[in-house]
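Keep in mind that the numbers below use all heavy atoms, side chains included, and drop hydrogens, waters and symmetry copies. In what follows, every chain begins at residue 1, and chains take the letters A, B, ... in the order their sequences are listed. Worth saying up front: this structure is predicted, and the values here are computed from it rather than measured.
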Number of protein chains: 2
Amino acid sequence: MTVSRVLRNRGDVSPTTRQKVLEAARQLGYVPNKIAGALASQRVNLVAVIIPSMSNMVFPEVMTGISRVLEETELQPVVGVTDYLPEKEEKVLYEMLSWRPSGVIIAGLEHSDASRAMLAAAGIPVIEIMDTDGTPVDSAVGISHRRAGREMAKAILAAGYRRIGYMGTRLGLDHRARKRFEGFTEALAKGGVEIEDQEFYTNGSALGKGREMTAAMMARSPELDFLYYSNDMIGAGGLLWMREQGYDVPGAVGMAGFNDVQLLHGLPSKLATMDSCRQEIGRRAAEIILARLNGEDAPSGKVELTPVINPGDTLRAP
Amino acid sequence: MTVSRVLRNRGDVSPTTRQKVLEAARQLGYVPNKIAGALASQRVNLVAVIIPSMSNMVFPEVMTGISRVLEETELQPVVGVTDYLPEKEEKVLYEMLSWRPSGVIIAGLEHSDASRAMLAAAGIPVIEIMDTDGTPVDSAVGISHRRAGREMAKAILAAGYRRIGYMGTRLGLDHRARKRFEGFTEALAKGGVEIEDQEFYTNGSALGKGREMTAAMMARSPELDFLYYSNDMIGAGGLLWMREQGYDVPGAVGMAGFNDVQLLHGLPSKLATMDSCRQEIGRRAAEIILARLNGEDAPSGKVELTPVINPGDTLRAP
DNA sequence: CTGAAAGCGCTAACAG
DNA sequence: CTGTTAGCGCTTTCAG
């Protein structure tokens, strides 16, 4: 009835009636039932955002980008976490899709067949974020991690380092870290260089883990002149340790991480890193969803952003 | 019809029919419409979790606690962020309640009248978390921040420090920081000590902010022999700066923060801090929701956890 | 064990 | 401008 019109400020309603309805609603502490509304209108103002992890430094920034854009609209982000597990991703996706969101923003391009099928069949805009090395179901916004790895390798070689060690999360779980690693080794190979030592970890306090792994690696392979980390947190831990031990960084040993984590900007020494454009990825993804929903023909396909190397204090000038 | 029974494994269905239905569902890529289901059954397996911020180190851990418990049930957490703004909290709450969740977990005890009214009228379990200094709408799980402040003040006095400076977020936005500050000054007053210098900040990179503020304060008030920070991040920044400057910590100047942020465990020197029981808070809150939903008469009222001081390397022994 | 029927609380179209 | 009428896709209840 008219009430519905008032509550949604739709259609023409006389100011008098309008006031009456509004008043009554307030007095009753009325909260509309979106479930019924959604069922009737076949529209849900929710955007499903599916990410591997919450605690990771990368996600909050992506989320900020998404929120910034969505805040000015009716749309609301709803977050689901997969813990990097394909089965869990499938479950979370199923669960979210069963609420018929208006769009999906999902991290990564690697999904189980079932997940891809669901995404393709959902009939809503699907934006895969963070990565562009692969084929998106619909659209993708991110950076090429393979290229990121290559660029870093080139910068390292250009700076004259040759004996390189790598530390990172156990590959396989984290496709983007894996791709960076692949790009990295590939570009090194082109320069005739091979990684001399490597170590992988699964979990633990990142800074502390970085220290431990670095200590172990330098003990094992004292000849190394560069340490490349799959992320800034372990890299920063390693850097702290190296400084304490009195290593000449970046003179004798160079170091680099990945992500350009804001949080670490106050450390005494700044690790070389690469900005992963997290906030912009969030923003762009949300914008594409909006455009699609408005019927505009937004770029279906890939949007590849260009990460920039920040040499910090741990990469000597070429 | 029968299909519904199969998909929910409810009621008696012959294995034959069951198989047929399951097969058909898979082939069609059927994803049930929870909207319709929820409308019909008047039940929604969602728990609204409303928190001030995502990037804050505190939230992910609370979320972990909640997820751990909820994972073994039908219930799913859905997160809303308020940015510490009461108006936004109101909006987010309204939005979430309009989806008729099974329960609400919301940070803090301070809410607008409208928010409290909504929570009270929702007719679902409402758990206010993090804080117990105040009157909950329904139940509360957390620590007493006033007491936390007092305990830290006592420990500082016991260690013999007397000339104390405070740095933290601008009070008023963050009620829990405010309460800690109040408890802190109160206990100091009992010991005949007053804060000699204080500084508040609004935003910025936490470690970096800590450095800046600390530098400014030590320049302004070189007589200080203790620095108390409203959180570990700015405290850690301050500590790094103090070490660089060659201060004798904790000999000449003691320092302490709050939260016991895991992330910082790899720093060269460990700030004295107080564990805020974040994961346990999440766990307990979720458990209460579950118990309530199962009709058990779970503790309505407050559950106060006891934070423990971790002296780290920046608080000398008494 | 399986089918049929009646809504859940709203929106969307259409009459007044 | 305002009321009426059908559903939305499920669950629930009640008969077969």
Engineer: Compile the donor-acceptor pairs under 3.5 Å between side chains in residues 58-67 of chain B and protein atoms, sequence neighbours left out, one pair per line.
Structural biologist:
{"from": "E61(B)", "atom 1": "OE2", "to": "R278(B)", "atom 2": "NH2", "distance (Å)": "2.6"}
{"from": "T64(B)", "atom 1": "OG1", "to": "P60(B)", "atom 2": "O", "distance (Å)": "2.9"}
{"from": "S67(B)", "atom 1": "OG", "to": "M63(B)", "atom 2": "O", "distance (Å)": "2.9"}

Engineer: Can you pull out how bent the helix from dC1(C)-dG16(D) to dG16(C)-dC1(D) is, comparing the axes over its first five and last five pairs, to 10°?
Structural biologist: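 Here the local axes at opposite ends form an angle of 40°.
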Engineer: Below 4.0 angstrom, N of the basic side chain to O of the carboxylate: do K91(A) and E71(B) qualify?
Structural biologist: no
Engineer: For I143(B) and L305(B), work out which heavy atoms get closest and say how close.
Structural biologist: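 So the minimum-distance heavy-atom pair works out to CG2-O, 3.7 Å.
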Engineer: Taking all atoms of both residues into account, what is the closest heavy-atom pair of P77(A) and V49(A), and its distance?
Structural biologist: CB-CG2, 4.1 Å
Engineer: When you measure from the side-chain N and O atoms of R100(B) to the phosphate of dC8(C), is any distance below 4.0 Å, counting only OP1 and OP2?
Structural biologist: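 Answer no for this pair, as no side-chain N or O of R100(B) is under 4.0 Å from OP1 or OP2.
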Engineer: Walk me through whether R176(A) and S276(A) qualify under side-chain hydrogen bond (donor to acceptor under 3.5 Å, both in side chains).
Structural biologist: CA-CA 11 Å; R176(A) 292 176 286 289; S276(A) 55; over 6 Å; no
Engineer: Looking only at side-chain N and O atoms, does Y30(B) come under 4.0 Å of OP1 or OP2 in dC10(D)?
Structural biologist: yes
Engineer: Report yes if at least one side-chain N or O of Q42(A) is closer than 4.0 Å to OP1 or OP2 of dA12(C); otherwise report no.
Structural biologist: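 Result: no.
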Engineer: How close or far is atom P of dC10(C) from atom CD1 of I35(A), stated in whole angstroms?
Structural biologist: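 Interatomic distance, CD1 of I35(A) to P of dC10(C): 10 Å.
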Engineer: Rounding to a whole Å, what distance do you find between N33(A):CG and dC10(D):C1'?
Structural biologist: 14 Å
Engineer: Any side-chain N or O of R43(B) less than 4.0 Å from the OP1 or OP2 oxygen of dT12(D)?
Structural biologist: yes
Engineer: Among the nucleotides dG9(D), dT12(D), dC10(C), which one has an atom lying closest to any side-chain atom of L39(B)?
Structural biologist: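 Nearest to the side chain of L39(B) among the choices is dG9(D).
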Engineer: Rounding to an integer number of Å, can you tell me how far N45(A) CG sits from dT11(C) C1'?
Structural biologist: 14 Å
Engineer: Please determine, for the side chain of S41(A), which listed nucleotide (dA12(C), dC10(C), dG7(C)) has the closest atom?
Structural biologist: dA12(C)
Engineer: Would you mind checking if D83(B) and K88(B) are paired as a salt bridge, meaning a charged N to carboxylate O distance below 4.0 Å?
Structural biologist: yes
